[in-house]
Amino acid sequence: MKNHFCDILVIGAGPAGSSAALAAARKGKGVILVDRRPVVGVPVRCAEYIPALLMGKINTDKSFVVQSVRGMRTILPDGTATEIRAPGFTIRRDLFDQALAAAAKQAGVQLFLSTHAVSRNGNKIHLKGLDGTHMTIAAKVIIGADGPHTTVGKWIGSVNQHLIPAIQVRVPLIRPMDMTEIYFDTRIFGGYGWLFPKGKSANIGLGMKGTKHKPPQLKRELKRFISKLAQAGKIRNEFSGYTAGWIPANRPRKVVYENVLLVGDAAGHTHPITGAGIYPAVVCGQMAGKWAARAVESNNLNLLGSYEAQWRNLFEEAMERAYSRLQFRESNWMRLNEIIYRCWVTFRAYYE
Ligand SMILES: Cc1cc2nc3c(=O)[nH]c(=O)nc-3n(C[C@H](O)[C@H](O)[C@H](O)COP(=O)(O)OP(=O)(O)OC[C@H]3O[C@@H](n4cnc5c(N)ncnc54)[C@H](O)[C@@H]3O)c2cc1C
């Protein structure tokens, strides 16, 4: 059994964890970052869209960008389409996560892969390697950036109550596109379908909830959705690379307890209506790393409360609004075409 000590232990090397680790290391703290995956960012479970605004928040090389996106087209159940300007990029998410982790390493972070955080005993975390080896890491501050089914969240009793399952494939595009497309359809209960262009291909997927009586028929609905897009002449009806994952859709909740902070999907920072989580993961990760470093520096764990205050200041109102719109949309689902204007982010009525 190996024993390590550090100022700050970050669990999970996704966008949230690497951003937190980097921010803390830049403040001169000793940081260990662990991930249970053997390779950062693999496998990809993401539609791979980021808003242009995010580029200003990260300082890595940008070779993860595949194409730029001009805006978003929303297609309603009756076929009406509306467009807004929403500059962004589709990316290779594996390269994106790897670029952030590499920047953290370059700043002095120790990265342990194939390392699964299993349990906590006070300041000591017990970890298990994929090869069966065991390790403990004692840390002054622990940052849980371990995704939607957070283990760290369970240790402190702060977990995601609502998670929406999502599924996705890659399909060839008939011709290049420069808009993302969002499809609302009463059969995709509680969610939506997406087509995100990525060069010559597109990520096509959907997130939807089950009902009390029926689990969501994700694969069946996805195949139907793909046929519809093929008939519309947008894509070829052939697909590869099935991937699936869970998207938190929660009200804001307390994510700081004693010396433990949660960030990104672990903290439920994902937007409950759109499911977009990369931007808040990076921004809140940077905040968490900064406040963790300050708390260590001044030997004052009370400073971690400033992280809670700061992320709420930035995201709480938008998350509360989105959560209430989500509830309203679900309880009026059969009137979707009529009520969607109040329940989707590209419409003015959403903000009224
Ligand atoms: C199908 C799908 C499509 C999506 N599309 C988009 C999109 O286009 N744009 C967007 O902005 N958002 C999208 N999202 C959401 C986005 O992927 C997440 O919000 C984002 O990944 C959150 O980053 P994170 O660092 O918090 O968590 P993650 O990226 O999930 O990283 C968590 C890391 O923790 C590791 N880990 C977990 N448990 C442990 C443990 N016990 N010990 C060690 N390591 C552990 C995991 O291996 C993982 O690497 C999508 C989500 C899904 C499921």
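Note that ligands are numbered from 1 as they come in the structure, with each ligand's atoms numbered from 1 the same way. No hydrogens, no waters, no symmetry mates; every other heavy atom, side chains included, goes into these values.
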Problem - N250 and Q161: side chain donor to acceptor below 3.5 Å - result: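 No pair is found: no donor N or O on one side chain lies under 3.5 Å from an acceptor on the other.
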Practice task
Return yes if a side-chain donor-acceptor contact under 3.5 Å exists between R253 and N160, otherwise no.
Solution key: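 The criterion, which ignores hydrogens and geometry beyond distance, is satisfied for N160 and R253.
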Out of curiosity, is [X] lining ligand 1, as in a heavy atom under 4.0 Å away?
| X | value |
| --- | --- |
| Q168 | no |
| R93 | yes |
| G205 | no |
| T115 | yes |

Handout entry: Joint cluster assignment, I204 & I174, ILVMFWY side-chain distance < 4.5 Å
Key =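 Not linked; separate clusters.
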Handout entry: Single-linkage hydrophobic cluster M319~I273, side-chain heavy atoms < 4.5 angstrom
Key =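 No, because M319 and I273 fall into different hydrophobic clusters, even though each may have its own neighbours under 4.5 Å.
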Could you list which atoms of ligand 1 come closer than 4.0 Å to a heavy atom of [X]?
| X | result |
| --- | --- |
| A281 | 23 (O) |
| A276 | 10 (C), 11 (O), 12 (N) |
| G264 | 26 (O) |
| G12 | 33 (C), 34 (O), 35 (C) |
| G275 | 12 (N), 13 (C), 14 (N), 15 (C) |
| G245 | 53 (C) |
| T151 | 41 (N) |
| D265 | 18 (C), 19 (O), 22 (C), 26 (O) |

Practice task
Kindly confirm or rule out a cation-pi arrangement of K62 over F64, judged by NZ or CZ under 6.0 Å from the six-membered ring centre and within 45° of its axis?
Solution key: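 Judged by the rule, K62 and F64 form no cation-pi pair.
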Handout entry: Over-ring placement of K219 relative to Y242, 6.0 Å and 45° cut-offs
Key =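 So K219 does make the cation-pi contact.
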Among [options], closest by any non-hydrogen atom to [atom]:
| atom | options | value |
| --- | --- | --- |
| atom 12 (N) of ligand 1 | P248, G277, P280 | G277 |
| atom 52 (C) of ligand 1 | R45, E48, H116 | R45 |
| atom 39 (C) of ligand 1 | D146, V152, V34, V39 | D146 |
| atom 42 (N) of ligand 1 | A117, G147, G14 | A117 |

Tell me the protein heavy atom at minimum distance from [atom], and give that distance in Å.
| atom | result |
| --- | --- |
| atom 5 (N) of ligand 1 | A47 N, 2.9 Å |
| atom 1 (C) of ligand 1 | A166 CB, 3.8 Å |
| atom 9 (N) of ligand 1 | Y49 O, 2.9 Å |
| atom 6 (C) of ligand 1 | C46 SG, 3.4 Å |
| atom 23 (O) of ligand 1 | P15 CD, 3.6 Å |
| atom 25 (O) of ligand 1 | A16 N, 3.0 Å |

Exercise for the section: Under the salt bridge (charged side-chain N to carboxylate O under 4.0 Å, His left out) rule, what do R93 and E48 come out as? Steps first, then yes or no, please. Expected result: CA-CA 6 Å; R93 177 65 197 273; E48 303 180 296; over 6 Å; no
Problem - R321, CZ atom: more than 12 neighbouring heavy atoms under 6.0 Å - result: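 For R321, atom CZ is crowded (more than 12 foreign heavy atoms under 6.0 Å).
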Report the part of [X] (side chain from C-beta onward, or backbone N, CA, C, O) that has a heavy atom under 4.0 Å from ligand 1; answer both or neither where that applies.
| X | value |
| --- | --- |
| W246 | backbone |
| A145 | backbone |
| T150 | neither |
| D35 | both |

Exercise for the section: Report yes if some N/O of I247 lies less than 3.5 Å from some N/O of ligand 1; otherwise report no. Expected result: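 No - when backbone and side-chain N and O of I247 are compared with those of ligand 1, no distance drops under 3.5 Å.
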Handout entry: Sub-3.5 Å N/O-N/O distance, R36 and ligand 1
Key =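 By distance alone, the answer is yes.
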Practice task
Output, in order, the C-alpha distance, side-chain angles, deciding distance and verdict of ring-ring contact (aromatic ring centres under 6.0 Å, His included) for Y192 and W344.
Solution key: CA-CA 10 Å; Y192 63 83; W344 180 243; 5.2 Å; yes
Problem - Y183 and W194 aromatic centres sub-6.0 Å - result: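 They do not qualify: ring centres at least 6.0 Å apart.
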Practice task
Please confirm whether H271 and F315 have ring centers closer than 6.0 angstrom.
Solution key: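 No, they do not, as the ring centres are separated by 6.0 Å or more.
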Practice task
Specify whether W333 and F189 have parallel, tilted or perpendicular ring planes, treating 30° as the upper limit for parallel and 60° as the lower limit for perpendicular.
Solution key: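 Judged by the thresholds at 30° and 60°, the geometry between W333 and F189 is perpendicular.
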Exercise for the section: Look at the aromatic rings of W246 and H149 and report parallel, tilted or perpendicular, splitting at 30° and 60°. Expected result: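 Judged by the thresholds at 30° and 60°, the geometry between W246 and H149 is perpendicular.
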Identify whether the distance between the nearest side-chain nitrogen and carboxylate oxygen of [X] and [Y] falls below 4.0 Å.
| X | Y | result |
| --- | --- | --- |
| E330 | K209 | yes |
| R224 | D185 | yes |
| R312 | E317 | no |

